[in-house]
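Keep in mind that this is a model prediction, so the values were computed, not measured. Protein chains get the first letters and strands the later ones, always in sequence-line order, with residue 1 at the start of each.
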2 protein chains.
Amino acid sequence: MEDNGTTTGAPAAGTAEELPGGRARPKTGKSEQTRALILETAMRLFQERGYDKTTMRAIAQEAGVSVGNAYYYFESKEFLIQGFYDRMTYAHALDAAARMAGERDFDARLRIALESWLDCAAEYHEFAAQFFRTAADPDSSLSPFSNESHPARATAVELFRDVLSGSDLAPKLDAELAELLPELLWLHLMVVVLYWVFDRTPDTARTREFVRRSTPLVAKLISLSRYRVFRPMVRDAKSLIQDFILPTIGRTTATRSATPPAPPRPT
Amino acid sequence: MEDNGTTTGAPAAGTAEELPGGRARPKTGKSEQTRALILETAMRLFQERGYDKTTMRAIAQEAGVSVGNAYYYFESKEFLIQGFYDRMTYAHALDAAARMAGERDFDARLRIALESWLDCAAEYHEFAAQFFRTAADPDSSLSPFSNESHPARATAVELFRDVLSGSDLAPKLDAELAELLPELLWLHLMVVVLYWVFDRTPDTARTREFVRRSTPLVAKLISLSRYRVFRPMVRDAKSLIQDFILPTIGRTTATRSATPPAPPRPT
DNA sequence: ACCCGAGCTTGAACGTGTTCAGAAACAGGG
DNA sequence: CCCTGTTTCTGAACACGTTCAAGCTCGGGT
């Protein structure tokens, strides 16, 4: 993050493909091919050996390129994870949407969404713990709160917006709260992820049980918030969240507008 | 964590000092002196240059020993942080206790305890972020949930027990909840720490404001839990916490026993 | 045909955390 | 005093992530 004034023409680690000025690229996606090859190889090795035991040299050798070449396409080893991150988020969104189709009960929808995540992430559990610490670094672009992971986060938040809006609970809530909830539910997922990462029981059974037990509570809590008695408290909580929680997560959806120009980074 | 069958006689990184079998050591604490020298030097450099920019070679040179010697006393660079961790927890406990003496209002006591932490940690904010990712590794002994950091955690939990028991709120709560609350409040601190680590505002002003705004809410929530209407919900929440949250934190205090067969997995 | 230059690729070299075979200091016992 | 075993200490060596100056490739301008 210090010396990016000399990078000649490295295709910024995102997947920005088509440049706005029409075609200036030669012709084939040869470059993209190499990039994909490296990413694919890396993810395979990560899964086979774990993150720490997969060296950049091994990735390069296995992919049939040089170490330097890997660094031409990926700023660092961490950035190779971003691919995995995006991919899994997308798979999760699809799987969850399919699974909760038809279900109207909010509690059930929420549970399905979380369990779907656990299923999608299951095969990565072992090496997830290893790169979790990387994601915990506030300076890393891999932090779930960072701007760089905005696209993946936005996708996930959108999923939870769907969880709510497709449920029979949605019409009963006041608009303001409904606007906040998707991101709060995403935070709930983050808590589950935290739990999951530390979970060492076989098949992460404990986390699964945790989800089964915690979602009804969340559902009931939200459901209760409608009643007049809680008005003052809900109001306080809402403003706390709006002022102190959401801003630190980075803009995901345009609650109003005035959003700064969302970086044109398609996933 | 793989090959600790060959360590000859390295004084285990903990602070185990006096061996139970009377004196078997030569005479002076020469060894301890070296250990302390290395630790002291490391912490000074960490504070001066930050964690990442402080190399083991620099620590060794500055302390006037060899690199290998540092590794004789500390299993890894991470372990040098444990000292800081313990020290700060202790300082916090003292400072907070002193500051809230005389205050009976629960909200105020809680706020004081948290603000005291922010003050104690202030000078380390810069490099705290750097080693935060280390603490996030579930396999690391530096994780706040690990068994190795049990002593520091127990001290902190004890502080929050005092926050509650010294307040006018304590007598009004049912015993079971009162038993759970100290660890929950500690979790609250962990959330504040998470917020703090990501906070980039000058003097972490944002976190301070977050504390001022969130503690009244927590206090009110706890206070409300007494009323009959919430009985079922509080009961559910309590059992969820007891079964799924506290066991993953590691035993700090023997709440009772009879805890469900928590898998005997000492990490 | 020539070469220009940007995109792409290389591998040696740097600085890092960590390890290891042994040297040095030290404490008794003969 | 020398031998022996333990504790303490040493610094070269290792494997890793990362950088960099230089080379290669190839389409297009002249």
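- Rounded to an integer number of Å, the gap from CD1 of A/Ile59 to P of D/dT18 is 10 Å.
- Taking side-chain N and O atoms only, B/Ser66 has no distance below 4.0 Å to OP1 or OP2 of D/dG11.
- The CD-P distance, from B/Glu32 to D/dC9, rounds to 11 Å in whole Å.
- The distance between atom CD1 of A/Ile38 and atom C1' of C/dT10, rounded to the nearest whole Å, is 12 Å.
- At the phosphate of D/dT10, OP1 or OP2 sits under 4.0 Å from a side-chain N or O atom of B/Asn69.
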I'd like to know whether B/Ile245 forms a side-chain contact (heavy atoms from CB on, under 4.5 Å) with A/Phe210, so could you lay out the CA-CA distance, the side-chain angles of the two residues, the decisive distance to 0.1 Å, and finally the verdict. CA-CA 9 Å; B/Ile245 309 290; A/Phe210 176 58; 3.9 Å; yes

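- Regarding contacts with the backbone of D/dC9, a side-chain N or O of B/Thr34 is found under 4.0 angstrom from either OP1 or OP2.
- Here the nucleotide nearest the side chain of B/Tyr71, chosen from C/dT19, C/dT16, D/dC9, is C/dT19.
- The pair A/Arg208-A/Asp199 does not count as a salt bridge, with every side-chain nitrogen at least 4.0 angstrom from each carboxylate oxygen.
- We find that CD of A/Gln61 is positioned 14 Å from P of D/dA15, with the value rounded to whole Å.
- Considering only heavy atoms from C-beta on, A/Lys77 comes within 4.5 Å of A/Phe46 through its side chain.
- The pair B/Glu40-B/Arg87 meets the salt-bridge criterion, with a side-chain N (NZ, NE, NH1 or NH2) lying under 4.0 Å from an Asp/Glu carboxylate O.
- Closest approach to the B/Val65 side chain among D/dT10, C/dT16, D/dT8 is made by D/dT10 (side chain taken as heavy atoms from C-beta onward).
- Each of D/dT8, D/dT18, C/dG17 was ranked by its minimum atom distance to the side chain of B/Tyr72; first place goes to D/dT8.
- As rounded to whole Å, 11 Å separates atom C1' of C/dG17 from atom CD of B/Glu78.
- Within 3.5 Å, a donor on the side chain of A/Arg57 pairs with an acceptor on the base of D/dG17, or the reverse.
- For B/Arg133 and C/dG17, the CZ to P distance is 11 Å, given to the nearest whole Å.
- Taking every side-chain heavy atom of A/Tyr73 into account, C/dC8 is the closest of D/dT18, C/dT18, C/dC8.
- Using a 4.0 Å heavy-atom distance criterion, A/Val67 is classed as a base contact.
- Using a 4.0 Å cut-off between charged nitrogen and carboxylate oxygen, A/Arg206 and A/Glu209 do not count as a salt-bridge pair.
- Atom NZ of B/Lys53 and atom C1' of D/dT18 are 16 Å apart (whole Å).
- Closest approach to the B/Lys77 side chain among C/dT18, C/dT9, D/dG17 is made by C/dT18 (side chain taken as heavy atoms from C-beta onward).
- In this structure, B/Met56 atom CE and C/dG17 atom P are separated by 7 Å, rounded to whole Å.
- Taking for each of A/Thr54 and B/Ala70 the nucleotide of DNA chain D with the nearest heavy atom, the 5'-most of the two is the partner of B/Ala70.
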